Q: 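If you scroll down you'll find the structure; I have some questions about it.
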Amino acid sequence: MSFGEAIKALTKHDERVQSTKPMAKEEKQEQPLVMPERAENNRRVFAYLNRTRGIPIPMIQELIKEKLLYQDKKGNAIFVCRDKSGEVRGAMIRGTLTDKSFKQRMGSGLFPFVWGAAAGKTTMTLTEAPIEALSLATLHPEIRQTILVSLGGIDFMSSVEKLLEQYPIKRLILSFNNDEPGREAIQRFTQRFGQQVEVKAFLPSAADWNEQLLSFKRESRCFER
């Protein structure tokens, strides 16, 4: 073809290329939450929580019945984190070997471990871990009249804000560990939520609630002797 014809042909080809729409990038989808596989029984969970941690067997049975606790195939205790509708949103995993500490969190920090969220409750008690909540409830059964929430640490204020939007809470009880980080967290949480609800601190006399429970049990055995 002549030079002019070649120019026209290239121009038309360029127009076709420019008019082609770019391919849309695939939207990133959140990976579905895959919970640890259940074991055939909960023997190690019962042994660890009852014998090592001093949690009463009926309380362990209650959590299992409510599908808030189970044993995975590795023998870990799986504390299930659910939203208000009951959907599984994550888990707090605790190893059951006394000579080897193992902790892991699955899912978003927006969904903590919530226990006893019955209608009509207006007080919420915050602890750092599920075992601390169980220990607190063992020592002070009246705390079961509140909604027990384990944050999985001393942060996750966003999860508390979300819970205060979902439940008619008027009073917040901060039952963190009795150490420097726990006391500092109480100041932060009080400043953050003190204008919204009544905030009270309720700390163990020991370093944490489970240590206080075990100490109480040791003293009780000595007294019985």
Side-chain angles (χ1 to χ4, degrees), residues 45-64 66 68-71 76-82 90-98 100-107 109 111-117 121 123-157 159-160 163 169 171-190 193 199-220:
V45 167
F46 273 102
Y48 176 72
L49 292 179
N50 178 250
R51 298 175 188 172
T52 305
R53 293 293 195 157
I55 308 300
I57 287 180
M59 190 175 291
I60 302 170
Q61 292 173 329
E62 179 182 339
L63 288 179
I64 292 174
E66 294 179 2
L68 291 173
L69 172 66
Y70 69 91
Q71 179 181 311
N76 298 313
I78 310 298
F79 292 93
V80 184
C81 301
R82 298 178 179 271
M92 296 182 190
I93 305 174
R94 190 68 170 85
T96 56
L97 297 176
T98 55
K100 185 178 181 181
S101 179
F102 173 71
K103 298 178 183 178
Q104 184 180 355
R105 180 162 192 159
M106 295 181 61
F111 298 96
F113 177 78
V114 180
W115 178 32
K121 291 184 177 180
T123 302
M124 182 175 291
T125 302
L126 304 182
T127 64
E128 296 188 26
I131 290 177
E132 303 304 325
L134 299 179
S135 302
L136 172 60
T138 302
L139 288 165
H140 300 279
E142 67 277 7
I143 210 73
R144 295 289 305 274
Q145 299 175 15
T146 74
I147 300 174
L148 282 157
V149 176
S150 299
L151 300 177
I154 50 176
D155 297 310
F156 305 108
M157 286 189 177
S159 64
V160 178
L163 291 171
I169 299 304
R171 189 183 190 198
L172 205 58
I173 301 176
L174 308 178
S175 293
F176 300 140
N177 294 349
N178 190 6
D179 52 19
E180 186 174 352
R183 290 188 291 271
E184 290 176 351
I186 286 175
Q187 294 180 359
R188 293 198 306 273
F189 276 72
T190 301
F193 303 109
V199 179
K200 297 288 185 180
F202 183 46
L203 299 182
S205 56
D208 59 52
W209 286 108
N210 188 246
E211 184 175 320
Q212 182 165 326
L213 173 61
L214 295 177
S215 177
F216 172 77
K217 286 181 173 292
R218 287 192 296 267
E219 291 175 0
S220 297

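Since we're looking at a predicted model, the values are computed, not measured.
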Q: What distance separates M157 CE from L126 CG, expressed to the nearest 0.5 Å?
A: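 Taking CE in M157 and CG in L126, the distance rounds to 10.0 Å.
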Q: Which residues pass the side chain to side chain contact (heavy atoms under 4.5 Å, CB included) test with S205, sequence neighbours left out?
A: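 Partners of S205 by the side chain to side chain contact (heavy atoms under 4.5 Å, CB included) criterion, ordered by chain and then number, come out as Q212.
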Q: About how many Å separate CG of L63 and CH2 of W115, when rounded to the nearest 0.5 Å?
A: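 Reported to 0.5 Å precision, the distance equals 5.0 Å.
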Q: Determine whether E142 and T146 make a side-chain contact, defined as any pair of heavy atoms from C-beta on separated by less than 4.5 Å.
A: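 Of all side-chain heavy-atom pairs linking T146 with E142, none is under 4.5 Å.
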Q: Looking at F216, I want to see if its CZ is surrounded by more than 12 non-hydrogen atoms of other residues, nucleotides or ligands under 6.0 Å.
A: no
Q: Which distance, rounded to the nearest 0.5 Å, do you find between the CG of D179 and the CD of E128?
A: 6.5 Å
Q: List in chain and number order the residues that pass side chain to side chain contact (heavy atoms under 4.5 Å, CB included) with L97, two or more places apart in sequence or in another chain; answer none if no residue qualifies.
A: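 Checked L97 against side chain to side chain contact (heavy atoms under 4.5 Å, CB included); matches are R44, D99, K100.
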Q: I'd like to check S101 versus R94 (side-chain heavy atoms, cut-off strictly below 4.5 Å). Are they in contact?
A: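 Yes, side chains in contact.
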Q: Rounded to the nearest 0.5 Å, what's the gap from CD on E219 to CG on L214? Could you check?
A: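 The distance works out to 11.5 Å.
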Q: Nearest heavy-atom pair of R183 and N178: which atoms, and what distance?
A: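 Shortest heavy-atom contact: NH1-OD1, 2.8 Å.
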Q: Considering only heavy atoms from C-beta outward, does the side chain of L203 approach that of N177 to under 4.5 Å?
A: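 Side-chain contact under 4.5 Å: no.
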Q: So which of L136, I131, L134, T127 actually passes side chain to side chain contact (heavy atoms under 4.5 Å, CB included) with S150?
A: T127
Q: Under a 4.5 Å cut-off applied to non-hydrogen side-chain atoms, are M124 and L163 in contact?
A: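 In short, these two side chains touch, coming nearer than 4.5 Å.
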Q: Show the nearest heavy-atom pair for residues A137 and L148, with the distance to one decimal.
A: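 Closest approach of A137 to L148: CB-CD1, 4.3 Å.
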Q: Within the structure provided, determine whether V160 and L151 are in side-chain contact (heavy-atom separation under 4.5 Å).
A: yes
Q: Can you check whether N210's main-chain N or O pairs, donor with acceptor, with D208's side chain at less than 3.5 Å?
A: yes
Q: Should E132 and R53 count as an ion pair when the cut-off is N to O under 4.0 Å?
A: no
Q: Return the set of residues passing side chain to side chain contact (heavy atoms under 4.5 Å, CB included) with A117 (not counting sequence neighbours), or none when no residue passes.
A: V114, I147, Y167
Q: Looking at side-chain heavy atoms only, is the closest gap between Q145 and K121 below 4.5 Å?
A: no
Q: Under a 4.5 Å cut-off applied to non-hydrogen side-chain atoms, are F113 and R82 in contact?
A: no
Q: Which residues satisfy the side-chain hydrogen bond (donor to acceptor under 3.5 Å, both in side chains) test with Y70, sequence neighbours excluded?
A: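 Per chain and number, Y70 pairs via side-chain hydrogen bond (donor to acceptor under 3.5 Å, both in side chains) with no residue.
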Q: Under the rule for ring pair (Phe, Tyr, Trp, His ring centres under 6.0 Å), what residues qualify as partners of F102, not counting sequence neighbours?
A: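 Residues passing ring pair (Phe, Tyr, Trp, His ring centres under 6.0 Å) with F102: none at all.
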Q: With a 4.5 Å heavy-atom cut-off, do L172 and T190 have their side chains touching?
A: no
Q: Could you walk me through whether D155 and R188 pass the side-chain contact (heavy atoms from CB on, under 4.5 Å) test, one step at a time?
A: CA-CA 9 Å; D155 297 310; R188 293 198 306 273; 3.5 Å; yes
Q: Before you tell me yes or no, could you show the steps for T125 and S175 under side-chain hydrogen bond (donor to acceptor under 3.5 Å, both in side chains), namely the whole-Å CA-CA distance, both residues' side-chain angles and the distance that decides it to 0.1 Å?
A: CA-CA 7 Å; T125 302; S175 293; 5.5 Å; no
Q: Are the aromatic ring centres of W209 and F176 under 6.0 angstrom apart?
A: no
Q: Any chance you could measure I55, atom CD1, to F46, atom CZ, to the nearest 0.5 Å?
A: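 Taking CD1 in I55 and CZ in F46, the distance rounds to 12.5 Å.
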Q: For R105, give me all partners under salt bridge (charged side-chain N to carboxylate O under 4.0 Å, His left out), at least two apart in sequence or on another chain.
A: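 Expected list: none.
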Q: Which heavy-atom pair separates G152 from M92 by the least distance, and what is that distance?
A: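 In this case the closest contact between G152 and M92 is N-CE, 3.5 Å.
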Q: To the nearest 0.5 Å, how far apart are CE in M59 and OG1 in T138?
A: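 Nearest 0.5 Å value for the CE-OG1 distance: 3.5 Å.
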Q: Is the backbone of I93 close enough, under 3.5 Å, to the side chain of Q104 for a donor and an acceptor to pair up by distance?
A: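 No, Q104 side chain to I93 backbone: no donor-acceptor pair under 3.5 Å.
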Q: How close do A77 and L69 get, heavy atom to heavy atom, and via which atoms?
A: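 Taking A77 first and L69 second, the nearest heavy atoms are CB-CD1, 4.2 Å.
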